[in-house]
Amino acid sequence: GDSADKHAQAIAAQQAKLEQLHGKVGDHQKEHAKHQSDLGSHKDQISEVHAALEERMAYLEKAVGDSADKHRRELEQLKNAHAKIVGDGKDAKTRHATLEDRLNYIENWFRGFKAP
């Protein structure tokens with residue numbers, strides 16, 4: 001009797017709780033799978049952004065490096081041109097001084113002659 005009915009009710013109640021727990025575990029597993037999928041998507045997006053940033057950084061580094069090389073070459077050309085101009089100026093000064101000396105010599109030579 002009574003005892004068997006109580007046990008049957010207790011077993012039915014426990015069975016209901018067990019089924020309820022199985023349902024909750026199933027729901028948690030679905031949520032876990034969804035989160036895992038979302039996480040995978042986020043990881044993929046981050047990898048894509050990271051790759052794009054690396055490409056952009058490589059481009060910028062190349063552009064800055066190329067620009068620095070170009071400026072270095074231009075500066076070297078300017079230095080060489082300046083050195084040439086300075087050298088040409090010294091040569092002109094030397095020639096001018098020599099011309100002045102020669103002119104002074106000729107003037108002094110003419111002064112040595114007295115008018116009759």
Side-chain angles (χ1 to χ4, degrees):
D2 244 359
S3 180
D5 287 337
K6 282 185 181 178
H7 284 298
Q9 286 176 349
I11 290 174
Q14 292 300 321
Q15 188 67 31
K17 284 184 182 180
L18 184 60
E19 287 175 13
Q20 195 178 30
L21 286 174
H22 279 289
K24 285 184 180 183
V25 167
D27 291 344
H28 285 296
Q29 286 175 336
K30 287 177 189 173
E31 284 291 317
H32 181 264
K34 181 185 177 299
H35 290 306
Q36 210 169 13
S37 174
D38 290 348
L39 182 61
S41 294
H42 289 303
K43 279 177 74 175
D44 291 343
Q45 288 174 343
I46 289 171
S47 293
E48 288 174 17
V49 168
H50 187 261
L53 287 175
E54 283 182 341
E55 285 177 24
R56 290 168 65 191
M57 190 62 143
Y59 170 79
L60 288 174
E61 287 172 342
K62 183 182 180 316
V64 168
D66 290 350
S67 180
D69 290 341
K70 179 182 173 189
H71 284 95
R72 183 190 47 75
R73 286 190 302 272
E74 288 176 354
L75 183 60
E76 192 62 35
Q77 289 172 350
L78 286 172
K79 284 180 180 179
N80 291 338
H82 181 263
K84 184 181 181 314
I85 290 170
V86 168
D88 290 349
K90 286 180 183 176
D91 290 344
K93 247 186 183 178
T94 303
R95 280 194 306 273
H96 178 71
T98 303
L99 264 167
E100 194 173 336
D101 291 342
R102 289 169 63 193
L103 188 58
N104 284 336
Y105 173 77
I106 291 170
E107 286 174 346
N108 286 334
W109 183 73
F110 274 120
R111 281 189 203 124
F113 290 106
K114 294 197 176 181

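The figures here come from the full heavy-atom set of this structure, side chains too, leaving out hydrogens, waters and symmetry mates.
The NE2 atom of H42 sits 9.5 Å away from atom OG of S37, with the distance rounded to the nearest 0.5 Å. Annotation: the span from N80 atom CG to L75 atom CG amounts to 9.5 Å, rounded to 0.5 Å. Of the inter-residue distances, the one linking I106 atom CD1 with D101 atom CG reads 11.5 Å to the nearest 0.5 angstrom. To the nearest 0.5 Å, atoms NE2 (H50) and CD (E55) are separated by 11.5 Å. With rounding to the nearest 0.5 angstrom, the CG atom of L53 is 11.5 Å from the CD1 atom of I46. Considering NZ of K24 and CD of E31, their distance stands at 14.0 Å, rounded to 0.5 Å.
A salt bridge does not link K70 with D66: every distance from a Lys NZ or Arg NE/NH1/NH2 to an Asp or Glu carboxylate oxygen is 4.0 Å or more. Taking 4.0 Å as the cut-off between side-chain N and carboxylate O, R73 and D69 do not count as a salt-bridged pair. Taking the charged nitrogens against the carboxylate oxygens, D88 and K84 do have a contact shorter than 4.0 Å, which makes a salt bridge.
With hydrogens and angles disregarded, no donor-acceptor distance shorter than 3.5 Å links the side chain of S67 to the backbone of A63.
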Could you give me the CA-CA distance, side-chain angles and deciding distance for K6 and D2, then say whether salt bridge (charged side-chain N to carboxylate O under 4.0 Å, His left out) is met? CA-CA 6 Å; K6 282 185 181 178; D2 244 359; 5.8 Å; no

Could you check Q36 against L39 for side chain to side chain contact (heavy atoms under 4.5 Å, CB included), going step by step and ending with a plain yes or no? CA-CA 5 Å; Q36 210 169 13; L39 182 61; 5.7 Å; no

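Contact annotation: the side chain of H28 never approaches that of V25 to less than 4.5 Å [non-hydrogen atoms, C-beta and beyond]. Side chains of I85 and H82 form no contact here, defined as non-hydrogen atoms less than 4.5 Å apart.
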